[in-house]
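Predicted, not measured: the structure shown is a model, and the values here were computed from it.
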Amino acid sequence: MKTIFEAKATNTGGRAGHVKSEDGVLDFDISMPNSKGKPDPKSTNPEELFAAAYSTCYAGAVEAVAKSHGVDDLGDFNVTAIVAFNKEEEGFFLEVTLDTYLPTVDKEMGETIIKEAHEMCPYSKATRDNITVHLNLLMDE
């Protein structure tokens, strides 16, 4: 194994605290949303940060898989990760939906790309068999 790089961030105060990356690029207050949203609209939460990271990582995998299938132009594609913070009798758990918009490919190629990207993406690998991840291909009508 060869480490390519490491990222470092520190939280103080838990879910009602603050998180800051070592380089200072990320520097946010943390607050737990309630049914009415975030108490502080300028704050974030672990699920929002995870959604940002997962969507970015998965989008990179989508690009790599597309290229391996000869698709060099994905157009104005995007990936939206929706991270749900859920509760059941046994406790709390996460669930993720990855909505992927691929405007330059047909349905068959799009489904191939999103499935293979899910196999390749390091975040997908990290969550495999731990949380449910739903893959959705979004197409123009």
Side-chain angles (χ1 to χ4, degrees), residues 1-107 109-141:
M1 180 178 86
K2 177 183 175 188
T3 301
I4 298 173
F5 68 89
E6 293 180 336
K8 184 176 181 180
T10 302
N11 170 280
T12 53
R15 281 194 171 264
H18 193 87
V19 66
K20 185 175 182 179
S21 62
E22 184 175 46
D23 63 6
V25 172
L26 300 178
D27 192 354
F28 300 111
D29 286 334
I30 303 292
S31 65
M32 182 69 172
N34 56 37
S35 62
K36 296 176 184 169
K38 296 183 213 170
D40 176 358
K42 292 185 180 182
S43 68
T44 190
N45 56 68
E47 293 72 33
E48 195 170 57
L49 293 169
F50 184 54
Y54 200 163
S55 65
T56 301
C57 187
Y58 185 74
V62 165
E63 289 177 304
V65 168
K67 285 189 189 301
S68 77
H69 285 280
V71 179
D72 293 322
D73 180 15
L74 286 174
D76 191 19
F77 88 102
N78 64 65
V79 175
T80 300
I82 301 115
V83 176
F85 183 78
N86 300 316
K87 183 179 181 182
E88 61 186 4
E89 289 179 19
E90 292 83 35
F92 299 101
F93 68 98
L94 298 177
E95 184 174 7
V96 174
T97 300
L98 295 171
D99 287 341
T100 306
Y101 174 62
L102 301 174
T104 64
V105 300
D106 62 25
K107 183 178 179 185
M109 179 56 69
E111 287 177 352
T112 297
I113 290 170
I114 67 171
K115 288 175 186 171
E116 289 183 17
H118 188 51
E119 294 301 313
M120 171 192 279
C121 173
Y123 277 69
S124 292
K125 289 178 181 179
T127 60
R128 190 161 290 122
D129 299 323
N130 293 312
I131 67 173
T132 299
V133 177
H134 305 278
L135 303 177
N136 292 326
L137 174 63
L138 307 179
M139 311 264 320
D140 290 326
E141 292 184 30

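- Residues Asn45 and Phe85 fail the side-chain proximity criterion, which asks for heavy atoms closer than 4.5 Å.
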Output side-chain donor-acceptor pairs under 3.5 Å for residues 7-14, partner residues at least two apart or in another chain, one line each.
{"residue": "Asn11", "atom": "OD1", "partner": "Gly14", "partner atom": "N", "Å": "2.8"}
{"residue": "Asn11", "atom": "ND2", "partner": "Gly14", "partner atom": "O", "Å": "3.1"}
{"residue": "Asn11", "atom": "ND2", "partner": "His18", "partner atom": "O", "Å": "3.4"}

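- Considering only heavy atoms from C-beta on, Phe28 stays 4.5 Å or farther from Ser43 through its side chain.
- Every side-chain contact (heavy atoms from CB on, under 4.5 Å) that Asp72 has, sequence neighbours left out, goes to Lys67.
- Using the six-membered ring where Trp is involved, Tyr58 and His118 have ring planes that are perpendicular, over 60° apart on the 30 and 60° scheme.
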Inset, instruction - Please test Ile113 against Leu137 for side-chain contact (heavy atoms from CB on, under 4.5 Å), starting from the C-alpha separation and ending with a verdict. - result: CA-CA 9 Å; Ile113 290 170; Leu137 174 63; over 6 Å; no
Inset, instruction - Verify side-chain contact (heavy atoms from CB on, under 4.5 Å) between Leu135 and Thr100, making sure each step is shown before the conclusion. - result: CA-CA 8 Å; Leu135 303 177; Thr100 306; over 6 Å; no
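- Residues Asn86 and Leu94 share a closest heavy-atom pair of ND2-C, 4.4 Å.
- For the pair Val133 and Leu98, the minimum side-chain heavy-atom distance is below 4.5 Å.
- For Tyr54, the ring pair (Phe, Tyr, Trp, His ring centres under 6.0 Å) partners two or more places apart in sequence, or in a different chain, are Phe50, Tyr123.
- Interatomic distance, CD of Glu119 versus NZ of Lys125, reported as 8.5 Å (0.5 Å rounding).
- With values rounded to the nearest 0.5 angstrom, Asp73 atom CG is found 5.5 Å from Thr104 atom OG1.
- Side chain of Thr97 to backbone of Ile82: no donor-acceptor contact under 3.5 angstrom is found.
- One finds the CD atom of Glu111 at 8.5 Å from the CE atom of Met139 (value rounded to the nearest 0.5 Å).
- Here salt bridge (charged side-chain N to carboxylate O under 4.0 Å, His left out) pairs that include residues 80-95, with residues two or more places apart or in two chains, number zero.
- Across all non-hydrogen atoms, the minimal contact from Asp23 to Val25 is OD1-N, 3.0 Å.
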Legend entry - Worked check of side-chain contact (heavy atoms from CB on, under 4.5 Å) between Thr44 and Ile30: CA-CA 5 Å; Thr44 190; Ile30 303 292; 3.7 Å; yes
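- Taking the salt bridge (charged side-chain N to carboxylate O under 4.0 Å, His left out) definition, one finds that Glu47 meets it with Arg15, sequence neighbours left out.
- Of the listed residues (Asn78, Thr80, Asp140, Asp76), just one forms a side-chain hydrogen bond (donor to acceptor under 3.5 Å, both in side chains) with Tyr101, and that residue is Asp140.
- Side-chain N or O atoms of Thr127 include none that pairs as donor or acceptor with a backbone N or O of Ile131 at under 3.5 Å.
- With sequence neighbours excluded, no residue forms a ring pair (Phe, Tyr, Trp, His ring centres under 6.0 Å) with Phe93.
- Separating the CD atom in Glu48 from the OG atom in Ser31 is a distance of 9.0 Å, to the nearest 0.5 Å.
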